[in-house]
Amino acid sequence: MCAQSMPPTHRAGAPRRHTEREPVANKPNPGKQTLHLRSHSRYDVQSSSATTSHQPAAAAPLTSDCDPLCLSSPSASFFWPGWPSLPGAAPMAESQPAPVQVGEKRGCPEDEDAPTKKPRVEKDHKNGGPPRQDGEEEPEGEDGDGEEDGETFADMMKHGLTELDVGILKYVSDHEGFSGILKERYSDFVVHEINKQGKIVHLDDLTIPAEPAEEVTEAPQLPEESDVLTEEQKKQLGELQLFKNKEDNVSIEVMDDTKEKRTLVHKAIKTQFPGLETKTEEKEGRKFIVAYHAAGKKALAAPRKHFWPKNRGSFCHFVLYKENKDTMDAINVLSKFLRLRPNMFSYMGTKDKRAITVQEIAVLKITAERLAHLNKCLMNLKLGNFCYKNHPLKLGELQGNHFTVVIRNISGTDEQVHQALTSLKQTGFINYYGMQRFGTTAVPTQQVGRAILKNDWNEVVDLILKPRPGAEKEFLVRCREEWAKTQDPEASLKKLPNKRCVEGQLLRGLSMYGKKNIVTAFGLIPRNNRLMYIHSYQSVVWNTMVSRRIEAFGLKAVEGDLVLRGTTAHLLSAEEAETCPIHDVVMPLPGYDVIYPSHHVGKGYRELLSADGLDIDNMRHKVKDYSLAGAYRRIIIRPSDVSWEVIQYDDPRISLVHSDFEKLENKPAPVFNKEGKYQALRMEFSLPPSTYATMAIREVLKLDTSIKKQTQLNTTWFN
């Protein structure tokens, strides 16, 4: 993932928008095209919900910080921003949070899931699922001798995967595809959570809820919190809070020295200036309250116990509006300013980074007033719609997400657009796992997963550590070369400036436990990342079998198909199939506790796994974590609330969506020029948990979403 430092100063009370730039395409010489792409967290736009432990934290957002994403039909050009750099393996979760400044990113450890015990309906992580273990950006390091290998991004990606490699083969409609640019600006992709009551979550109220009437006490009359600090003191504290003098402190002399007065000053500072800590000091017989910036470990220390009314709900629920920041980054920033651990917050799912997203958050025993004060000093974040409840939020409680997507500069005619969106609305799209599930390098994650399931641990190590074609950071190339030459984990580990990547964790485990104890050594990789490998293999199998199912029987239910009755799979009879809609048909991910379709496509599961050296009747593993119960997943998803319009515009820099924050600021909605020189498609739709919005967009535009294919098209277009 890419951690961007941001300037500490900004307009108070407003989410600060990033400057958005054009795709980076430099031409070193007229004869050679080099595309420069940054490495960010792994790409995904999907709507999903919580899973049990056998579902990987594999999905992550479209996360380019700067560059647009051009989607096209196979005959057009394409640019996909922020493609990740997966070292043939799962991205690593950071092991510890690090102190950050305002707007910076900070990782945080995730709780490990419990072992899987029974199958369930398939649910994913992004936009409604459990917090993912963020892909760790490869550590900064010297580029060896500083030599350029001269390999373009297209050269690097010629070793990558295509949709064909992961079983994504079919479309449900026969309309003609067209090209367009997705996420030219992050404001072109807006996600609103749909809560468990089925209501689309909006930020539309910044007021603080009134306290219960019975909370009136007979305490002596004291000044209001806002009155105990002078304007000069507030100015000094504000500068301290915004890091202008973070190494300094502000001392406030308590003239009327009573415990009540000191308590009021302490409370006023902490309430009005979140992120500051206070203490009382005595100097020359005079009492001072000293405010200082709570950073690092002090910011993560357990919060002090404050009085909390019994008749007030223990959890403050609020709506979090964020721009160009992923959910865990936002939680880390809130945690630092409130001096809380991140696990004090709860939410129903994580949301995309390169987007504007709105979701509900809950925090334990923090007042709405303290949260509201954060709006003065946070960038790209806004908090509102506060209320108190007696329960936290639970992962997966949401009903889905509502998407507003702008695809700019489209080439399709009105008729093409109408056909594409009508098909999406009436029929839907194939519920494939997207390309982001399988990595981007010459060693796909599903190959590692297959080796784990086969209990072939030498192959697991070889796949992760061996040299591979394609461009990589120089220190990783040196590490792999050292491993291939010496098979010495300690010598190979020395080639890595940062040991937290997958390769570093595995080499550290091998150096600690030896090459004869690979299972234990492999266990040093965080659990969610290890599970991602085997779930990636499951996903390839599912995609492949669904393509065969669509090829064989089309979009109608047939005898031997599976449907869910509650959480139990049921085989359709010929009579039942006559009246069963295709949207109810499910296909299993392979596991020890699922059943398979009884027709010939279902029997193909056994053949496919057998060809990979696996026994479909024995999916339990010697290591409990790698035993797969299986799951069921609908093969066709039909979005709800689908609407669209084709709009004309002249300025590519203007937003084409009226955001919640702009509405709160009473800013006018965008006005479109009917004679504008550019044409955009603005579409809205809602997706249930566990579905990838990229697969819906694929169906509309009829594009190949693989990096390999689109980079080839893009490079041809640039040249």
**Prompt:** So, is the end of the R633 side chain (NZ or CZ) under 6.0 Å from the ring centre of Y433 and within 45° of the ring's axis?
**Reply:** yes

**Request:** Give a yes or no answer on whether the side chain of Q446 reaches the backbone of V540 with a donor-acceptor pair at less than 3.5 Å.
**Result:** no

**Message:** Under a 3.5 Å cutoff, is there a donor and acceptor pairing between the side chains of H599 and E559?
**Reply:** no

**Message:** For a quick check under 3.5 Å, do S539 and Y432 share a side-chain donor-acceptor pair by atom type?
**Reply:** no

**Prompt:** Hey, what's the ring geometry for Y596 with Y605, parallel, tilted or perpendicular (30° and 60° as the breaks)?
**Reply:** tilted

**Request:** Kindly compute the distance separating CG (N543) from CG (L164), expressed to the nearest 0.5 Å.
**Result:** 11.5 Å

**Message:** Tell me if the CD atom of E576 is crowded by more than 12 foreign heavy atoms within 6.0 Å.
**Reply:** yes

**Request:** Salt-bridge test for D584 and R634: reply yes if a basic N is under 4.0 Å from a carboxylate O, no otherwise.
**Result:** no

**Asked** In terms of side-chain geometry, is the basic nitrogen of K494 or E482 positioned less than 4.0 Å from the acidic oxygen of its partner?
**Response** no

**Request:** Compute whether any side-chain donor of one residue and acceptor of the other, for Y537 and D612, lie under 3.5 angstrom apart.
**Result:** yes

**Request:** Using distance alone, with no hydrogens and no angle criterion, decide if R508 and Q505 have a side-chain donor and acceptor under 3.5 Å apart.
**Result:** yes

**Asked** Out of curiosity, I194 CD1 to N401 CG, how far, rounded to the nearest 0.5 Å?
**Response** 6.5 Å

**Message:** For F685 and H402, I'd like to know if the aromatic rings sit close, meaning centre-to-centre distance below 6.0 Å.
**Reply:** no

**Request:** Return the orientation label for the F553 and H600 ring planes: parallel under 30°, perpendicular over 60°, tilted otherwise.
**Result:** tilted

**Request:** Give me the ring orientation class for F403 and F189: parallel if the planes are under 30° apart, tilted from 30 to 60°, perpendicular past 60°.
**Result:** perpendicular

**K495 and E481 ion-paired at < 4.0 Å** = no

**Asked** Just checking, is any N or O donor in the side chain of T350 or T327 under 3.5 Å from an acceptor N or O on the other one?
**Response** no

**Item:** Spacing of M348 atom CE and E397 atom CD [to the nearest 0.5 Å]
**Value:** 6.5 Å

**Item:** Residues D326, R354: salt bridge by 4.0 Å N-O rule
**Value:** no

**Prompt:** Under the 3.5 angstrom rule, does the side chain of R468 hit a backbone N or O of L463 as a donor-acceptor pair?
**Reply:** yes

